[in-house]
**Student:** 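Before we start, here is the structure in question, set down as structure tokens.
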Amino acid sequence: MPTDMTVNGEARRSARDPLTPLIDVLRDEFHLTGAKPVCREGFCGACTVLVDGEPTVSCLTPVGLVGGCDVVTIEGISSGGGLTDIQSRLEQGDAVQCGMCFPGMVMALSHFLAHTPRPSRDEVRAALTGNICRCTGYERIVEAALAVAAARAEVRR
Ligand code: FES
Ligand code: FES
């Protein structure tokens, strides 16, 4: 039975078995390869996408469960097609090396900063507990997130 959903604003239909992990549908069927299948066990966060606005590990989510849902991947995170402020700040701050964690980090931070506009350092750290980075270390990522929050606050003033 096919599964209908919206992916990055477009209506999409998956012909895969409803038990197929969402990440395999995104990557293999829809050719959206931003989300990374690293652990496939739900603990690294590299496969994180937004489902109805909530960060979701797509490796453990059967596609049948997202029928009728709004899915956003790293490819759809920017409305204009360029980099978001989070992506830019992570790059500028040398907070990314191999890049495997990067899409999941961006998705998690996008959700977190949208709901916590003036976070503390500890709150940023807590928000990233589901996202593992094996190369960069977390301090630069935390610094980048705080810088984004500060820049957004400045714009709002
Ligand atoms: S690949 Fe999904 S959580 Fe690691
Ligand atoms: S930059 Fe390599 S895992 Fe984070």
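Here the structure is a predicted model, which means the values were calculated and not measured. All values below come from the heavy atoms of this structure, side chains included, with hydrogens, waters and symmetry mates left out. Counting starts at 1 for both ligands and their atoms, in listed order.
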**Student:** Numbering the atoms of ligand 1 from 1, which are under 4.0 Å from a heavy atom of Val57?
**Tutor:**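 Matching atoms, with element in brackets: 3 (S).
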**Student:** Which pairs pass ring pair (Phe, Tyr, Trp, His ring centres under 6.0 Å) with one or both residues in residues 99-141, sequence neighbours excluded?
**Tutor:**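 Listed once each, the pairs are His111-His115.
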**Student:** Would you check ligand 2 and list the protein residues that come within less than 4.0 Å of it by any heavy atom, ordered by chain and number?
**Tutor:**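 Contacting ligand 2 under 4.0 Å are Gln97, Cys98, Gly99, Cys101, Cys133, Arg134, Cys135, Thr136.
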**Student:** For Ser58 and Cys47, indicate whether the former's side chain and the latter's backbone hold a donor-acceptor pair under 3.5 Å.
**Tutor:**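 Pair found, side chain donor or acceptor close to backbone of Cys47.
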**Student:** So, does Gln92 use its side chain to make a donor-acceptor pair with the main chain of Arg89 at under 3.5 Å?
**Tutor:**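 Pair absent, no side-chain N/O of Gln92 close to backbone of Arg89.
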**Student:** Is Glu143 paired with Arg121 through a side-chain N to carboxylate O contact shorter than 4.0 Å?
**Tutor:**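 Yes.
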**Student:** Mind checking side-chain contact (heavy atoms from CB on, under 4.5 Å) for Leu83 and listing every partner two or more places apart, or none if nothing turns up?
**Tutor:**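 With sequence neighbours excluded, Leu83 shows a side-chain contact (heavy atoms from CB on, under 4.5 Å) to Gln87, Ser88, Glu91, given in chain and number order.
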**Student:** Under the side-chain contact (heavy atoms from CB on, under 4.5 Å) rule, collect the residues that match up with Asp28, sequence neighbours excluded.
**Tutor:**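 Asp28 satisfies side-chain contact (heavy atoms from CB on, under 4.5 Å) with Arg16, Asp24 only.
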**Student:** Is it true that Val49 and Ile74 fall in one hydrophobic cluster, defined by side-chain heavy atoms closer than 4.5 Å?
**Tutor:**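 No.
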**Student:** Taking the side chain as every heavy atom from C-beta outward, state whether Leu60 and Glu41 have any atom pair closer than 4.5 Å.
**Tutor:**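 No, their side chains stay 4.5 Å or more apart.
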**Student:** In terms of atom number and element, which parts of ligand 1 are under 4.0 angstrom from non-hydrogen atoms of Gly42?
**Tutor:**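 What qualifies from ligand 1 is 3 (S).
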**Student:** Out of all atoms in ligand 1, which are within 4.0 Å of some heavy atom of Phe43? Include the element for each.
**Tutor:**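 That gives atoms 3 (S) of ligand 1.
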**Student:** For Glu75 and Thr73, does a side-chain donor sit closer than 3.5 Å to a side-chain acceptor?
**Tutor:**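 On atom types as modelled, these side chains qualify, holding a pair under 3.5 Å.
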**Student:** Identify, by atom number and element, the atoms of ligand 1 in contact range of Cys39, meaning under 4.0 Å from any of its heavy atoms.
**Tutor:**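 Reading through ligand 1 atom by atom, the close ones are 1 (S), 3 (S), 4 (Fe).
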**Student:** Within the 4.0 Å heavy-atom shell around Arg40, which atoms of ligand 1 are there?
**Tutor:**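 Matching atoms, with element in brackets: 1 (S), 4 (Fe).
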**Student:** Can you give me the SG-atom 2 (Fe) of ligand 1-SG angle for Cys47 and Cys59, to 10°?
**Tutor:**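 Between SG of Cys47 and SG of Cys59, at atom 2 (Fe) of ligand 1, the angle is about 100°.
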